[in-house]
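Read through the structure below, which is laid out as structure tokens, and then see the notes.
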Amino acid sequence: MFSDVEFRLRSRVKADSPEAMLFKYLNSRNTLYPAKDMVMIAISSYWLPLAYQAEEQPVDLEPHIRACLYRLQLHSSYLMGLLGEIPSQAATMIAVDRNSLSSLSLPSNIPPTEPSKIPATEQRQLKVDWLNPFSTLSK
């Protein structure tokens, strides 16, 4: 039988802090996804493999680590695009401790795409698709 697990986070920050800016954004209607989903995407992209590693039952971490690396690499490429930069092969490499992940290789580089060459109607869809964590698990 399945049971629900609940986690709540309340935080108070200074009004002029970067965290306040983030909270205002997440509480706005200008986000790509509902705030809850955006927070879960961010948390799982960073910490899900560690959560699996902490489980008492052994779990194959490789697919979870690869999915996280892929999402982080996509996010890095997206942010570089906001700066008007095209991610180079060196820039898209993700630093990992090779001793702890000796059996893993880094995911292949994502081919750079210049946003200016993508029609405006497709840019919005691409913005949404790159962030969807579930699309990376089925590929």
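As the structure is a prediction and not an experimental result, all values here were calculated from the model.
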OH (Y46) with more than 12 external heavy atoms under 6.0 Å: no
Shared hydrophobic cluster, M38 / M21 (ILVMFWY, side-chain heavy atoms < 4.5 Å): no
Residues that K14 engages under side chain to side chain contact (heavy atoms under 4.5 Å, CB included), provided they are two or more places apart: D16, S17
4.5 Å side-chain heavy-atom contact, I65 and L69: yes
A15 versus A20, closest heavy-atom pair with distance: O-CB, 3.4 Å
Nearest heavy atoms of P49 and C68, plus distance in Å: CD-SG, 3.4 Å
Interatomic distance, E55 atom CD to L61 atom CG [nearest 0.5 angstrom]: 10.5 Å
Check: S76 side chain, L72 main-chain N or O, donor-acceptor pair, under 3.5 Å: no
By side chain to side chain contact (heavy atoms under 4.5 Å, CB included) - contacts of L22 (at least two apart): L26
Between CD on residue E19 and OG on residue S11, distance to nearest 0.5 Å: 7.5 Å
Side chain to side chain, I86 and M80, heavy atoms closer than 4.5 Å: no
Euclidean distance, L79 CG relative to E85 CD, rounded to 0.5 Å: 10.5 Å
Results of side chain to side chain donor-acceptor pair (under 3.5 Å) for R10 - residues two or more places apart only: none
Path from I41 to Y25 over hydrophobic side-chain contacts below 4.5 Å: yes
Under 4.5 Å side-chain linkage, directly or through intermediates, the cluster mates of V13: F23
Non-neighbouring partners of S28 that pass side chain to side chain donor-acceptor pair (under 3.5 Å), sequence neighbours left out: none
Between CG on residue L48 and CD1 on residue I43, distance to nearest 0.5 Å: 10.5 Å
Hphob cluster co-occupancy, M40 + L50, side-chain heavy atoms under 4.5 angstrom: no
For Y52, all residues meeting ring-ring contact (aromatic ring centres under 6.0 Å, His included), sequence neighbours excluded: H64
